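What follows is one structure encoded as structure tokens, with my remarks underneath.
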Amino acid sequence: MVAVVDILSETIAAIRTGYPASGLFIRHAPWGRRYPVVPGAGFHVVLRGSCWVVPPGGEPMALGVGDVLFMPRGADHDLVDNLGSPVTETARPGEPREIAGPGVRTELLCGAYELGRQRSHPMLDELPEFIHLPARPGRHPALRGAVDLLAAEIAEPRQGSDAAVPALLETMLLFILRAWFDEQADAHRTGWAGAFADPAVAAALRAVHEDPSRSWTVPDLSDIAGVSRATLARRFTATIGEPPLSYVTRWRLLTAARLLRDTDASLHTIARRVGYTSEFAFAKAFKREYGQAPGRYRHTPTQPPIAV
């Protein structure tokens, strides 16, 4: 499990941009909120009451106390107290925390994350538009603990909350994904859930993530994985969706994109850190993947903050 968590953490760190946002919302029936599509990911947790999520053109889903709903690509949707209730609000920064009304009270904990869509990763790309994690006794206690801590910090801010809330939001994102992959691994052996559950594939992934600068070969990775080259190539492609060396290139360039945005390291330094022997070779590969030169990518403005 250690290898799984490391891969998950590093992947999220590579595609995260900006700062997470969160809010605690209290509404009294009837109510309805619209959430437009956002360039990132988001979640809702029902702390009290119940509601429905209504995707455009999709089947409504009922959410009860403790349920977590995660949108890995920020899909647009409505939340309503009951099907048929009018949608009268649109999520935006600075909106009121509580709106009074005659009906049943619902409390929602909501969060949003900025993700660099130019630096997308297949681990998130394969996820469904909506992930519903129902509250079930004994399931995902770490996630439930993070929800309780985050809700408490937002409801009653104290000294240190400005540091605690962003850290808890980052923890929430990891715990939501961990819970989803754990559930999928119980039923499926394909996709990234299958990769995390396969010791050989997980070992190869960990090696690549730990040292993208190394000149990896399939024999190198198969030695680390403890299986033959043919076996690793087959199992890696079946779960990850691409051959081992293709993923090596993907991870190198994703790491480079993060270094370009998050550090002031020179192009030469970044090229060496991700396994390229020259700036020219690095720049050519980077432009082929991201559609622009590394220097231009570094100075392209990031997206504005997103609302919850």
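Owing to the predicted nature of the structure, the values given are computational and were not obtained by experimental measurement.
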With a 4.5 Å limit on heavy-atom distance, are the side chains of [X] and [Y] in contact?
| X | Y | answer |
| --- | --- | --- |
| Arg92 | Thr90 | no |
| Asp81 | Trp52 | no |
| Ile99 | His28 | no |
| Leu47 | Leu108 | no |
| Pro30 | Asn82 | no |
| Phe196 | Met123 | yes |
| Tyr113 | Ile15 | no |
| Pro20 | Glu170 | yes |

Are [X] and [Y], when compared by the centres of their aromatic rings, separated by less than 6.0 Å?
| X | Y | result |
| --- | --- | --- |
| Phe43 | Phe70 | no |
| Tyr35 | His44 | yes |
| His121 | Trp192 | yes |

Exercise for the section: In sequence, state the C-alpha distance, the side-chain angles, and the governing distance for Ile240 and Val201, and then conclude on side-chain contact (heavy atoms from CB on, under 4.5 Å). Expected result: CA-CA 9 Å; Ile240 302 302; Val201 175; 4.2 Å; yes
So which heavy atom on [X] is nearest to which on [Y], and how close?
| X | Y | answer |
| --- | --- | --- |
| Lys287 | Ala293 | CG-N, 4.2 Å |
| Cys51 | Val46 | SG-CG2, 4.0 Å |
| Arg206 | Ile7 | N-CD1, 3.8 Å |
| Ile224 | Ala207 | CD1-CB, 3.8 Å |
| Ala203 | Ala225 | CB-CA, 4.2 Å |
| Leu260 | Ile270 | CD2-CD1, 3.6 Å |

Exercise for the section: In sequence, state the C-alpha distance, the side-chain angles, and the governing distance for Leu221 and Val208, and then conclude on side-chain contact (heavy atoms from CB on, under 4.5 Å). Expected result: CA-CA 8 Å; Leu221 292 172; Val208 172; 3.8 Å; yes
Practice task
Give a yes or no answer on whether the side chain of Ser246 reaches the backbone of Glu242 with a donor-acceptor pair at less than 3.5 Å.
Solution key: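 Not at all, since once roles are kept as given, no pair shorter than 3.5 Å links the two residues.
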Problem - Backbone N/O of Leu259 and side chain of Asp262: donor-acceptor pair under 3.5 Å - result: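 Side chain of Asp262 to backbone of Leu259: no pair is present.
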May I ask you to check whether over 12 heavy atoms, not counting those of [X], lie within 6.0 Å of atom [atom1]?
| X | atom1 | value |
| --- | --- | --- |
| Arg296 | CZ | no |
| Arg144 | CZ | yes |
| Asp264 | CG | no |
| Arg158 | CZ | no |
| Arg34 | CZ | no |

Examine the side chains of [X] and [Y] and answer whether a donor and an acceptor come within less than 3.5 Å of each other.
| X | Y | value |
| --- | --- | --- |
| His77 | Glu129 | no |
| Asp220 | Thr217 | yes |
| Thr269 | Ser266 | yes |

Would you compute the distance between atom [atom1] of [X] and atom [atom2] of [Y] and round it to the nearest 0.5 angstrom?
| X | Y | atom1 | atom2 | result |
| --- | --- | --- | --- | --- |
| Asp148 | Glu153 | CG | CD | 12.0 Å |
| Leu24 | Ile26 | CG | CD1 | 5.5 Å |
| Arg229 | Ser222 | CZ | OG | 6.5 Å |
| Trp31 | Arg33 | CH2 | CZ | 7.5 Å |
| Thr11 | Leu174 | OG1 | CG | 10.0 Å |
| Leu115 | Leu124 | CG | CG | 6.5 Å |

In this structure, would [X] and [Y] fall into the same cluster of hydrophobic residues linked by side-chain contacts under 4.5 Å?
| X | Y | result |
| --- | --- | --- |
| Leu245 | Phe236 | yes |
| Leu83 | Val53 | no |
| Val165 | Val45 | yes |
| Val104 | Leu79 | no |
| Val54 | Val68 | no |

Handout entry: Glu98 vs Arg105, salt bridge (charged side-chain N to carboxylate O under 4.0 Å, His left out): CA-CA, chis, key distance, verdict
Key = CA-CA 10 Å; Glu98 181 171 4; Arg105 175 188 178 107; 3.5 Å; yes
Problem - Ring-face cation of Arg97 near Phe25 (centre distance under 6.0 Å, axis angle within 45°) - result: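 Geometry flag: not set, cation outside 6.0 Å or 45°.
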Give a yes or no on whether a salt bridge exists between [X] and [Y], defined as a side-chain N under 4.0 angstrom from a carboxylate O.
| X | Y | answer |
| --- | --- | --- |
| Arg258 | Glu10 | no |
| Arg178 | Glu183 | no |
| Arg27 | Glu89 | yes |

Handout entry: Geometric class of the Trp251/His209 ring pair [parallel <30°, tilted 30-60°, perpendicular >60°]
Key =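 Ring orientation, 0 to 90° scale: parallel.
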Exercise for the section: Given side-chain contact (heavy atoms from CB on, under 4.5 Å), test Tyr276 with Leu253 step by step and report yes or no. Expected result: CA-CA 10 Å; Tyr276 289 89; Leu253 296 176; 3.8 Å; yes
Handout entry: Residue pair Lys284, Glu289: steps toward the salt bridge (charged side-chain N to carboxylate O under 4.0 Å, His left out) verdict
Key = CA-CA 9 Å; Lys284 184 177 180 180; Glu289 179 71 14; over 6 Å; no
Practice task
Determine, step by step, whether Gln292 and Arg298 satisfy the side-chain contact (heavy atoms from CB on, under 4.5 Å) criterion, reporting the C-alpha distance in whole Å, the side-chain angles of both residues, the deciding distance to 0.1 Å, and the verdict.
Solution key: CA-CA 10 Å; Gln292 54 186 329; Arg298 166 172 267 169; over 6 Å; no
